[in-house]
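Below is one structure, written out as structure tokens; the observations come after it.
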Amino acid sequence: MITNFLDLDTFSAEELEDLLHLSMEVKNGSDQSKVLPGKFIGLIFEKPSTRTRVSFEVAMTQLGGKASFLSVNDLQLGRGEPIQDTSKVLSSMVDGLVLRTMKHETQIEFSSNSSVPVINGLSNKSHPCQLLADLLTFYEEKGSIEGKKVTWFGDFNNVCFSYAQASELLGFEFWIACPEEYIPPSAEIFKNLHFTQSITEAAEESDLISTDVWVSMGDEKDAKKRLRSFSGYQVNADVLDLANPDVIFLHCLPAIRGNEISENLLDDSRSRVWKQAENRLHAQKGLLLKLLGDY
Ligand code: CP
Ligand code: NVA
């Protein structure tokens, strides 16, 4: 059976923890150059990317395989070739596909016509690969996340959705500080979320605080309104001061200093964003080994 990775709940809690342990082993291990010999993945991206693209390309190279970046504009897909035809043809040649798409439905259509695993490298709905890196960073820094308080500030976007899924799977308390009008209908499927408009209530006793841009790729048409609506939800040193003394701060990047974070927050002593960004590579390796290898 093909295992796609369109969302975090592809895996059970046990499988997810196993994947994170594998990522840690790979990160701390030695030569991995013969683990996926001859394996080839295609990266089909409709939106820009720095971390996701490069971490998959480097991960495949270091594991002994190869990855090729296929911008939609360079494929016949960009001239109207149907998704199902593209998926059938490409999956007959490659061992896996990573998609970054405007619409999550594209991922579903692509994967239902593919004979190889399809990985969601970000859609408007979710960003499960990002959560692998965030969870890996938390485990490395603080151990198990079960029962901890994790707080998200700002937009309930794709990254936040994947945090909500992670909270259900791994049993952490998930708080979201955002304007009421930005709580999306998709939040209803989660039973354990705590929404608040109080910065203090959100931040106090948090073990992890995270945020993301107020205007995600695809949301540009509402940019002005969004910047106004989220202006009270910036994460800064004063917000981190309200949390547990050993709180860590994560941001998936790219970040806009002066908007969702204060100018120097990425370099605050509680920030782990550079480690988190590097962990995209190690988490991607764990995922590739699970989906394409015998692990
Ligand atoms: N965090 C993240 O997915 O970054 P990129 O958009 O650079 O891939
Ligand atoms: N929420 C952001 C994440 C970028 C990695 C976006 O979708 O643009």
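Because only heavy atoms are used, hydrogens play no part in the values below, and waters and symmetry mates are left out as well, while side chains stay in. Numbering of ligands and ligand atoms starts at 1, following listing order.
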Could you walk me through whether Gln284 and Ser55 pass side chain to side chain donor-acceptor pair (under 3.5 Å), step by step?
CA-CA 7 Å; Gln284 243 70 282; Ser55 58; 2.8 Å; yes
Considering distance alone, does some N or O of Arg53 sit under 3.5 Å from an N or O of ligand 1?
no
Min N/O separation Cys252 to ligand 1 under 3.5 Å
yes
Under 3.5 Å, is there a donor-acceptor pair linking the side chains of Asp267 and Trp274?
yes
Heavy-atom pairs closer than 4.0 Å: do any link ligand 2 to the side chain of Asn124, the backbone, both, or neither?
neither
Any chance you could lay out the side chain to side chain donor-acceptor pair (under 3.5 Å) test for Asp134 and Gln276, step after step, and finish with the verdict?
CA-CA 6 Å; Asp134 289 32; Gln276 172 193 13; 2.9 Å; yes
Honestly, is Arg53 close enough over Phe69, meaning NZ or CZ under 6.0 Å from the six-membered ring centre and within 45° of the axis?
yes
Against heavy atoms of [X], which atoms of ligand 1 measure under 4.0 Å?
{"X": "Arg280", "value": "1 (N), 2 (C), 3 (O)"}
{"X": "His127", "value": "2 (C), 3 (O)"}
{"X": "Leu253", "value": "1 (N), 2 (C), 4 (O)"}
{"X": "Arg100", "value": "3 (O), 5 (P), 6 (O), 8 (O)"}

Heavy-atom count check: over 12 atoms from other residues, nucleotides or ligands less than 6.0 Å from His194 NE2?
yes
Between Tyr163 and Phe172, how do the two ring planes meet: parallel, tilted or perpendicular, split at 30° and 60°?
perpendicular
With heavy-atom distances below 4.0 Å as the criterion, list the atoms of ligand 2 near Leu122.
3 (C), 4 (C), 5 (C), 7 (O)
Salt bridge or not for Arg272 and Glu140, using N-O below 4.0 Å?
no
How far is atom 4 (O) of ligand 1 from its nearest protein heavy atom, and which residue and atom is that?
Arg51 NE, 2.9 Å
